[in-house]
Amino acid sequence: MKKELAKVYDPKDIEDRLYEKWEENKYFHAEVDHSKTPFTIVIPPPNITGQLHMGHALDETMQDIIIRFKRMQGYNALWQPGTDHASIATEVKVINALKEQGITKADLGREGFLKKCWEWRDEYGHRIVKQLKKLGSSCDWDRERFTMDEGCSRAVTEVFVKMHEKGWIYKGKRIVNWCPKCQTSISDAEVEYQLQHSHFWHIKYPLINEDGTVSTTQFLEFATTRPETMLGDTALAVNPEDPRYKDLIGRKVMLPIMNRPIPIVGDEHADMEEGTGVVKITPAHDPNDFEVGKRHNLPVINIMNDDATINENGGRYQGMDRYAARDAIVKDLDDMGLLVGIEDLDHNVGTHDRCGTTVEPLVKDQWFVKMDELIKPAIKAVKTGDIRLIPKSMDKTYFNWTDNIKDWCISRQLWWGHRIPAWYCDDCGETIVARTAPEKCPKCGSTHLHQDPDTLDTWFSSALWPFETLGWPDQTEDLKYFYPTDVLVTGYDIIFFWVIRMIFSGYEQMGERPFKTVLFHGLVRDAQGRKMSKSLGNGIDPLKVIDQYGADALRLTLIRGNAPGSDMRYVPERVENSRNFANKVWNASRFIMMNMAEGEEADLTKMPAGLFPEDKWILSRFNSTVKAVTDNLEEYQLGIAADKIYDFIWGEFCDWYIEMVKPRLYGTEDQSSKEAALWTLQAVLIGSLKLLHPFMPFVTEEIFCTIQSKEPSIMISKWPVWKSEYDFPAEEKAVGIIKDAVTAIRKLRSDRNVAPSRKAKIYVVSEEQSVLDIFEEDRLFFARLAYASDVVLQKDRTGIPEGALSCILPFAGFFMPMQDLIDIKGEIERLQKEEKRLEGELKRSANMLSNERFLSKAPAAKIEEEKDKQKNYQQQMEGVKKQLEQLRSLS
RNA sequence: GGGACGAUAGCUCAGCCGGGAGAGCGUCCGCCUCACACGCGGGAGGUCACGGGUUCGAGCCCCGUUCGCCCCACCA
């Protein structure tokens, strides 16, 4: 039975079926095999709270294209998948879910709460994986990992203990970013600055006289955006060079409300140019002030509880929220005559990126990673090119962060995550950091020990992702073979959170880079260029798009015309075009199959002897496309590669080649001609499907498996390579000439409104026998494409009816006698226009070729090219003039 | 304040090494031509933001300007 495809490509029927087939046959699975070169990608592990969004879709598609390409090239390709426990994001979700049942975290206790988290993970953690599969992602699911599985947890503990021994992880009282809502510390990277409307309050504190009395006439004035923190002020600072104030250094002012004398210190931090030059110093609630406090041994007075209400150090404001306290304090200061004025101000306020709450800098006992030494190899890696960032412009962003890096606060006051492997002795206070829970205190022998309640920043484990997923800390075969990975594909928005941390972790723990290249992509925005967000409700669900248009269409849409590192807009119409392209490929294949005789599969390993010029032309074009696309993919220029395949398949193979060979397929007399055409059709189609497969895995697989029976799947077939026997420059040129002629003739007919159904005799006139030979050889398809009833080749214009429609090209003139369409005047006008255009071109060409400096400096090939052009224009001009002359003699 | 990115057809965007600008959508004209109307053929539409410079030659390289967007830092 002859194989057939449905008339319209319907992805719904086939995508799930093919994905199952791939999984069943273990095509995604990679094992250590020393006869092959590994190529490894680790997935950016999606959060278990996540739902597939367009950002994932883009990220996954890029990785899948690369891994499928490499797999077909013969690499032992591993795409290592997994998910992230996403400590704070998950904890918040679980808390909210519990809230609906009226349960709090505290009700359940630590154990109970963690149980809920694991339940949550079991229920939702696989949702995202299922969604990734809908996209066609060829991850090795047998190797799926989770950042809190046994192995990853072991890796985390190992790193923590090792780094602690090295002195690179320490505990200390530092000012940290505190989220009063989530009740945890967060890292600098998690702080998001937001422009907020606020005020600048101008306040003055009275000077304390030399005799100890409070002055009623002398005040120091300053401005602040946070008047409530005055409760914790422990100094005013002025610049030591400031002539206005330097005599006052060492004197005191009376802190109003609290009635506490505080010193005036001289510190560089006070900028003489700014405001009055006086700054209030609150070491407990401002990072800069904390530093000033350290330099001057100032007391640190914390005035806030963990929920940002005022604590017992805030006197009568105790219990008030920080903003209520602010209003009250401003009012009280005003009543005391100490409020000088209020100014409107828009300024950036740090907020927690998860919940949007304004962070409160607080002094806390937290765990930190010391960054100064750790970061060095990471800086060197990008400087020397050991790790390459694409696009290159990301280098600067990278260095901007590494050059200004501060120690990393890694402890979180959360329950869901890796618990810090530190224990404290209740009797002597000793801190024990260990891989397993110690039985007794090594210092005093006490068995009264308790573990640090905190967990680690979720990025602490993701930083180890490239090697922990391959077995580290064990020295597994997988690790030796697949590490370092080849390319990391991710959005630029997590360069600081994740990419940099993986790089320094890789060098520190493995002594080697975690990946050779980082390929950054941008954000997928909506059609108006806005970020897709839940609150705006403008997000487009990739799953719905897949449902409607197919995964292939979505994938191609996201890849075409998307340059690395730059944001893209999701314009729905573009998906339609991609879907149309899938249908185009489908129908071209359908056409070829319809013409294949039963059981007649071409032997693609053997090129037939009797190929026609057009066969050679398309093979040659295909050959060039193979090379270009391969080069682009090697350079991770995915969008450019996709464009080239699209253009080749649609613009050359379908629009031209298939049309060219139709007469040979329909005719039955010349069997070898038909076979040559069928061989070429299959060779080029199957080759093109292979090129397209990484981009559109489903439709290509379905066609591949229908049109040939030798190989079980396109995804494990061989990637095409450039072949010298497919290189036909002469035929490329010859068919190029025919295409030009066909286009010109079609335009002429279109201009004159000649219906396609109306055929005409075409005279091809050229003095050059070689040109006539080309038309002779390609007569069959030329006639079809140019709507010719007959083609007459001759060296001059004898016998051509007067007033025939004509178009003149450099290499030949074409004449179509259509008596009812004679319009001598119109023809003259048309040719005059052409004459004028040619005059311009000839002038430009002559100018260039008479330019001494062009001739002496431009490359020889360029000069030759220009000379050829000039010659062509001259020939064409000659033909146009001749024709004009004749027409004028008629009129 | 520092830095990145962008400004190309009506819209959304490509444009690799500098050698006379492309795609999709839209639009206009003509076609149900025996694979595909999710299609075919043809057309219109561009001062490549602006001003200088380098070069035989600039959308592309250099300097400056304007506008947009993002990141980082900071505003006491």
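To find a chain, count down the sequence lines: A is the first, B the second, and so on, and within it residues start at 1. Every heavy atom of this structure was used, including side-chain atoms; hydrogens, water molecules and symmetry mates were not.
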From the list [options], which nucleotide is the closest neighbour of the side chain of [X]?
{"X": "A:Tyr193", "options": "B:C75, B:G39, B:C74", "result": "B:C74"}
{"X": "A:Ala588", "options": "B:C56, B:A35, B:C70", "result": "B:A35"}
{"X": "A:Lys396", "options": "B:C71, B:C56, B:A4", "result": "B:A4"}
{"X": "A:Arg560", "options": "B:C70, B:A23, B:G30", "result": "B:A23"}
{"X": "A:Phe591", "options": "B:C16, B:U33, B:A35", "result": "B:A35"}
{"X": "A:His347", "options": "B:C56, B:C75, B:G42", "result": "B:C75"}

What is the distance from [atom1] of [X] to [atom2] of [N], rounded to the nearest Å?
{"X": "A:Ile559", "N": "B:A23", "atom1": "CD1", "atom2": "C1'", "answer": "16 Å"}
{"X": "A:Arg530", "N": "B:C70", "atom1": "CZ", "atom2": "C1'", "answer": "17 Å"}
{"X": "A:Asp655", "N": "B:C31", "atom1": "CG", "atom2": "P", "answer": "20 Å"}
{"X": "A:Phe496", "N": "B:G3", "atom1": "CZ", "atom2": "P", "answer": "15 Å"}
{"X": "A:Lys406", "N": "B:C72", "atom1": "NZ", "atom2": "P", "answer": "13 Å"}
{"X": "A:Glu576", "N": "B:G24", "atom1": "CD", "atom2": "P", "answer": "14 Å"}
{"X": "A:Gln528", "N": "B:C11", "atom1": "CD", "atom2": "P", "answer": "14 Å"}
{"X": "A:Met593", "N": "B:C34", "atom1": "CE", "atom2": "C1'", "answer": "18 Å"}

Distance between [atom1] atoms of [N] and [M] (Å, rounded):
{"N": "B:U33", "M": "B:U27", "atom1": "P", "result": "23 Å"}
{"N": "B:G43", "M": "B:C36", "atom1": "C1'", "result": "23 Å"}
{"N": "B:G15", "M": "B:C71", "atom1": "P", "result": "23 Å"}
{"N": "B:U8", "M": "B:G2", "atom1": "C1'", "result": "29 Å"}
{"N": "B:G26", "M": "B:A21", "atom1": "P", "result": "26 Å"}
{"N": "B:G59", "M": "B:G53", "atom1": "P", "result": "15 Å"}
{"N": "B:G18", "M": "B:G57", "atom1": "C1'", "result": "8 Å"}
{"N": "B:G24", "M": "B:U65", "atom1": "C1'", "result": "34 Å"}

- Message: Please tell me whether A:Asn577 and A:Arg574 have a donor and an acceptor in their side chains that are separated by less than 3.5 angstrom.
- Response: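 No pair is found: no donor N or O on one side chain lies under 3.5 Å from an acceptor on the other.
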- Side-chain H-bond candidate by donor/acceptor type, A:His296 with A:Asp267, under 3.5 Å: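 Yes - a donor-acceptor pair under 3.5 Å links their side chains.
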Sugar-phosphate only, base, or nothing, as touched by [X] at under 4.0 Å among non-hydrogen atoms:
{"X": "A:Val571", "value": "sugar-phosphate"}
{"X": "A:Asn583", "value": "base"}
{"X": "A:Trp650", "value": "sugar-phosphate"}
{"X": "A:Asn348", "value": "base"}
{"X": "A:Tyr646", "value": "sugar-phosphate"}
{"X": "A:Ser589", "value": "nothing"}
{"X": "A:Tyr9", "value": "nothing"}
{"X": "A:Ala582", "value": "nothing"}
{"X": "A:Pro859", "value": "base"}
{"X": "A:Lys747", "value": "sugar-phosphate"}
{"X": "A:Arg844", "value": "base"}
{"X": "A:Lys857", "value": "base"}
{"X": "A:Asp631", "value": "nothing"}
{"X": "A:Arg579", "value": "base"}

Does any nucleotide pair with [N] by Watson-Crick or G-U wobble geometry, both distances under 3.5 Å, and what is it?
{"N": "B:A21", "answer": "none"}
{"N": "B:C60", "answer": "none"}
{"N": "B:G1", "answer": "B:C72"}
{"N": "B:U27", "answer": "B:G43"}

- What's the base orientation of B:C67: syn (chi within 90° of 0) or anti?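 Anti.
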- Query: Got a second to check how far A:Phe814's CZ is from A:Leu748's CG, nearest 0.5 Å?
  - Reply: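 Going from the CZ atom of A:Phe814 to the CG atom of A:Leu748 covers 11.0 Å.
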- Item | Approximate separation, where rounding is to 0.5 Å, of A:Leu681 CG and A:Ile618 CD1 |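 Taking CG in A:Leu681 and CD1 in A:Ile618, the distance rounds to 9.0 Å.
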- Query: Mapping A:Trp401 and A:Arg853 onto RNA chain B by nearest heavy atom, which one lands closer to the 5' end?
  - Reply: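 Nearest-nucleotide comparison on RNA chain B picks A:Arg853.
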Between the side-chain atoms of [X] and the base atoms of [N], is any donor-acceptor pair under 3.5 Å?
{"X": "A:Glu659", "N": "B:A35", "value": "yes"}
{"X": "A:Arg574", "N": "B:C25", "value": "no"}
{"X": "A:Lys7", "N": "B:C36", "value": "no"}
{"X": "A:Lys662", "N": "B:A35", "value": "yes"}

- Item | Stacked cation flag A:Lys584 on A:Tyr646, 6.0 angstrom / 45 deg |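 No, cation not above the ring by the 6.0 Å, 45° rule.
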- Just checking, A:Lys662 and A:Phe591: is the charged tip under 6.0 Å from the six-membered ring centre and within 45° of the axis?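 A:Lys662 over A:Phe591 ring: yes.
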- Task: Kindly determine whether A:Arg590 and A:Asn587 satisfy side-chain hydrogen bond (donor to acceptor under 3.5 Å, both in side chains), including the steps that lead there.
- Result: CA-CA 5 Å; A:Arg590 196 163 72 94; A:Asn587 271 291; 2.9 Å; yes
Tell me whether the side-chain N/O atoms of [X] come closer than 4.0 Å to OP1 or OP2 in [N].
{"X": "A:Asn577", "N": "B:C25", "value": "yes"}
{"X": "A:Tyr492", "N": "B:C71", "value": "no"}
{"X": "A:Arg569", "N": "B:C13", "value": "yes"}
{"X": "A:Lys584", "N": "B:C40", "value": "yes"}

- Lys/Arg-Asp/Glu bridge criterion (N-O < 4.0 Å) met for A:Asp10, A:Lys12: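 The answer is no: the pair does not qualify as a salt bridge.
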- Is A:Glu635 salt-bridged to A:Arg388, cutoff N-O under 4.0 Å?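 Judged by the 4.0 Å cut-off on N to carboxylate O distance, A:Glu635 and A:Arg388 do form a salt bridge.
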- Query: Is the closest side-chain heavy-atom distance between A:Ser688 and A:Ile645 below 4.5 Å?
  - Reply: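 SC-SC contact between A:Ser688 and A:Ile645 ruled out.
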